[in-house]
Amino acid sequence: MVLFSGTKSYFYSSPILCKSTASNSNHSHAAHSLDAAYIKRAAQIADNSAGFSSPHPNFGCVIATHSGIVAGEGYLYAQGTKAAEVLAVEAAGGFSKGSTAYLNMEPGDCHGDQSAVSALVQAGITRVVVGIRHPLQHLHGNAIRSLRGQGLQVDVVGEDLKSKIMEEARKSCLLVNAPLIHRATSQVPFSVLKYAMTLDGKIATTSGHATWISSKKSRNRVFELRGRSDAIIVGGNTVRKDNPRLTARHGGGHTPIRIVMTQTFNLPEEANLWDISDVSTIVVTQRGARRSFQKLLASKGVEVVEFDILNPREVMEYFHDRGYLSILWECGGTLAASAISSGVIHKVFAFVAPKIIGGKNAPSPVGELGMVEMSQALDLIDVCFEQVGPDMLISGFLQPVPDLVPVIPSEDETFAIDPSITPYESRIIFFYKTWDPYGAFSNFSPHPIQMPDGSGAYATWSSVEHYYQAHKFVGVDEPVAKDCVEKIKFAKSPEEAARMGRSMQKQRPDLVRSDWEGLKIDVMYRALKCKFSIYPHLQSMLLSTAGSVLVEASPHDLFWGGGREGEGLNYLGRLLMLIRSEFLGECSSPSEITCEAL
Ligand SMILES: NC(=O)C1=CN([C@@H]2O[C@H](COP(=O)(O)OP(=O)(O)OC[C@H]3O[C@@H](n4cnc5c(N)ncnc54)[C@H](OP(=O)(O)O)[C@@H]3O)[C@@H](O)[C@H]2O)C=CC1
Ligand SMILES: Nc1c(N[C@@H]2O[C@H](COP(=O)(O)O)[C@@H](O)[C@H]2O)[nH]c(=O)[nH]c1=O
């Protein structure tokens, strides 16, 4: 279970430290071991955010004093929350001075405010050890350069620190961000195929019955795997046979959405997956398949996305563009074979139960791959064996974690922020996720705003998203609505605020203020105006885009975003352009914004 703590402040003498101080002759070797141990520890705590930080990296930071004692730790909880380095120096307090900071990955300065770098510098850290450089080109090397420029000693594992133990430490850093590195390299989300099979290799009986093959303990483990994923995907036949729920029921943790892939759209009218009160479901299908049934599902709140060519690669490319980091495939053998053949599966988790069911036609975990000789078999890499209750869990990579040389090119071209840019130069700047070159324009960026409430008193909101989502329910005279506003206000991340606001709006439309549709643009405008007024560097970034069209590259949000093929209304982009014009003195601030005014 992932519990939010974000920071831990404690002092302990590590066993490695005892060794290192005991033997002076072996001092440099001991110091080296200490560096490796703390880099591994940084990777270990970074893993706490798996599922939450998507599609951004998992970051961990350990601060150790000159004498090798851990003074503070922190990890990035989710996108749009405080950087791991900020949390670690807060936890270490005065002990940061003269200490060493260990980072599993070079921080990425996505917002022009260098919060991680300045936290380390201001706290008086004198040395930084970096496990791996940031893999994205527009962020790669920036923080390291900046830290060195400010006089800190920066040692990068594998460059400045080389040895076998350092190689192991580096590997732990690659593994903790394997989904990110795979995603960035292959331009599809990191995909894990998970299945449960009997000892004789069956995933169901001949009749298609499959509950249960693996033990309760194994299935609990599956809930954890779900909690680390952005989405779980199954094929239409699994929906027809199993009527699954596909929820992460281990308590706490991230809640993935559910995806059904169906060519025929021959799906049941009633199914657990159509209950979207807690989690959303997206059905991806062939263009034109059973349109009337599509409408019926849409009326239940299920999202349907049509594809000209429905195959695992196209579908994964779409979810990559939608910002998904990792996907758990819990499908049967037919879809699994298709996904493996398309090259989109990166890792496999196979639960093997000590049971035999037999059956010549009972399905197996992977269908036809067209292989005829054993030499063609796919070998798993970095294989792990683990006993889970009575079952054996075998896991391994189908595709090795790519190394970071050469650097992975950024999706979007990086434009230098240049105030001399001519207003006549027209181009489109897309932004979406907070780590994009213009990611600070996203409502999920970690920039708190101060906004007046009904009585005129100012309150702080952790992000524009927190403010926007909560305002769906502001002023509604119902205790549940008031409670909802408070819960959203104190949501731990912008993503959680968004999830709470959206699901409450779906479940209890009666609690949404009656004037919301007419008001929402104005609410967003005011929040954005505040954000770009109080952060000078964000205002400069916005002004530097003068002459460019700003588009929120959300392929699914057709109101705030630009849509998949430019069919979206892009109101977020439009509001930003309006605010930019106001800052440039090209227009005055309107008293109230409506759709028509944009
Ligand atoms: N033990 C385990 O771990 C699991 C067992 N199972 C069992 O497996 C059986 C179902 O297996 P299976 O039919 O393979 O599973 P799936 O339903 O997961 O996959 C096949 C279905 O996927 C859809 N699909 C869409 N695009 C493609 C594509 N490009 N290639 C292939 N399929 C596509 C089709 O749906 P459509 O027909 O709607 O067009 C197709 O029938 C059930 O008995 C179930 O209980 C299932 C999951 C896990
Ligand atoms: N039968 C089987 C699995 N089957 C998978 O789990 C899905 C059901 O999930 P849920 O409805 O959330 O409990 C089912 O459709 C299939 O994808 N998984 C396992 O770990 N072990 C098992 O023995």
Side-chain angles (χ1 to χ4, degrees), residues 192-227 229 232-250 255-256 258-268 271-273 275 278-279 281 283-287 289-290 293-294 297 304-307 309-316 328-342 344-345 348-355 357 359 361-369 388-393:
V192 173
L193 170 65
K194 165 259 144 188
Y195 53 82
M197 69 172 197
T198 59
L199 200 54
D200 55 334
K202 314 293 183 190
I203 59 162
T205 63
T206 313
S207 69
H209 190 250
T211 47
W212 295 110
I213 293 166
S214 57
S215 64
K216 194 157 192 305
K217 215 166 177 188
S218 295
R219 297 197 318 272
N220 283 338
R221 191 63 195 280
V222 171
F223 296 151
E224 284 172 29
L225 285 177
R226 289 178 181 174
S229 316
I232 300 155
I233 188 163
V234 292
N237 206 23
T238 295
V239 179
R240 291 188 289 270
K241 295 270 188 211
D242 293 358
N243 189 18
R245 284 184 282 168
L246 306 179
T247 44
R249 307 192 279 277
H250 59 305
T255 316
R258 292 87 55 99
I259 302 171
V260 177
M261 212 171 142
T262 173
Q263 274 151 341
T264 59
F265 220 98
N266 178 21
L267 299 171
N272 287 326
L273 292 180
D275 173 2
D278 291 326
V279 200
T281 300
V283 179
V284 293
T285 191
Q286 198 70 47
R287 193 171 299 287
R290 295 190 69 201
F293 190 52
Q294 286 193 27
L297 280 196
V304 179
V305 183
E306 293 187 322
F307 284 76
I309 305 164
L310 185 78
N311 63 39
R313 181 155 286 276
E314 300 276 332
V315 170
M316 286 301 101
L328 187 66
W329 293 68
E330 289 205 57
C331 52
T334 319
L335 188 52
S338 181
I340 291 176
S341 303
S342 308
V344 299
I345 301 293
V348 176
F349 276 84
F351 290 87
V352 184
K355 295 178 182 173
I357 190 74
N361 296 321
S364 62
V366 181
E368 189 50 59
L369 289 178
V388 187
D391 307 325
M392 183 59 79
L393 169 59

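Indexing begins at 1, ligand by ligand and atom by atom, following the structure's order. Because only heavy atoms are used, hydrogens play no part in the values below, and waters and symmetry mates are left out as well, while side chains stay in.
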Could you find the nearest protein heavy atom to [atom] and give me its residue, atom name and distance?
| atom | result |
| --- | --- |
| atom 21 (N) of ligand 2 | Ser214 OG, 2.7 Å |
| atom 15 (O) of ligand 2 | Asp242 OD2, 3.0 Å |
| atom 1 (N) of ligand 2 | Ala210 O, 2.8 Å |
| atom 13 (O) of ligand 2 | Arg249 NH2, 2.8 Å |
| atom 17 (O) of ligand 2 | Glu330 O, 2.7 Å |
| atom 8 (C) of ligand 2 | Pro244 CB, 3.7 Å |
| atom 23 (O) of ligand 2 | Ile213 N, 2.7 Å |
| atom 9 (O) of ligand 2 | Arg226 NH2, 3.1 Å |

Below 3.5 angstrom, do we get any N/O pair linking [X] and ligand 1?
| X | value |
| --- | --- |
| Ile203 | yes |
| Lys194 | no |
| Cys331 | no |
| Thr334 | yes |

Do any heavy atoms of Lys194 fall under 4.0 Å from ligand 2?
-> yes
So is Thr211 in contact with ligand 2, going by heavy-atom distances below 4.0 Å?
-> no
Taking N or O atoms only and a 3.5 Å limit, does [X] qualify as a polar contact for ligand 2?
| X | result |
| --- | --- |
| Leu246 | yes |
| Trp212 | no |
| Phe223 | no |

Could you check which of Val366, Val239, Leu335 puts a non-hydrogen atom nearest to atom 19 (O) of ligand 1?
-> Leu335
Counting heavy atoms only, name the option from Asp242, Asn237, Val234 that's nearest to atom 13 (O) of ligand 1.
->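 Answer by nearest heavy atom: Asn237.
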Is ligand 1 less than 4.0 angstrom away from at least one heavy atom of Arg240?
-> yes
Within less than 4.0 angstrom of ligand 1, does Asn266 place any heavy atom?
-> no
Contact check, side chains of Glu224 and Asn220, non-hydrogen atoms, under 4.5 Å = no
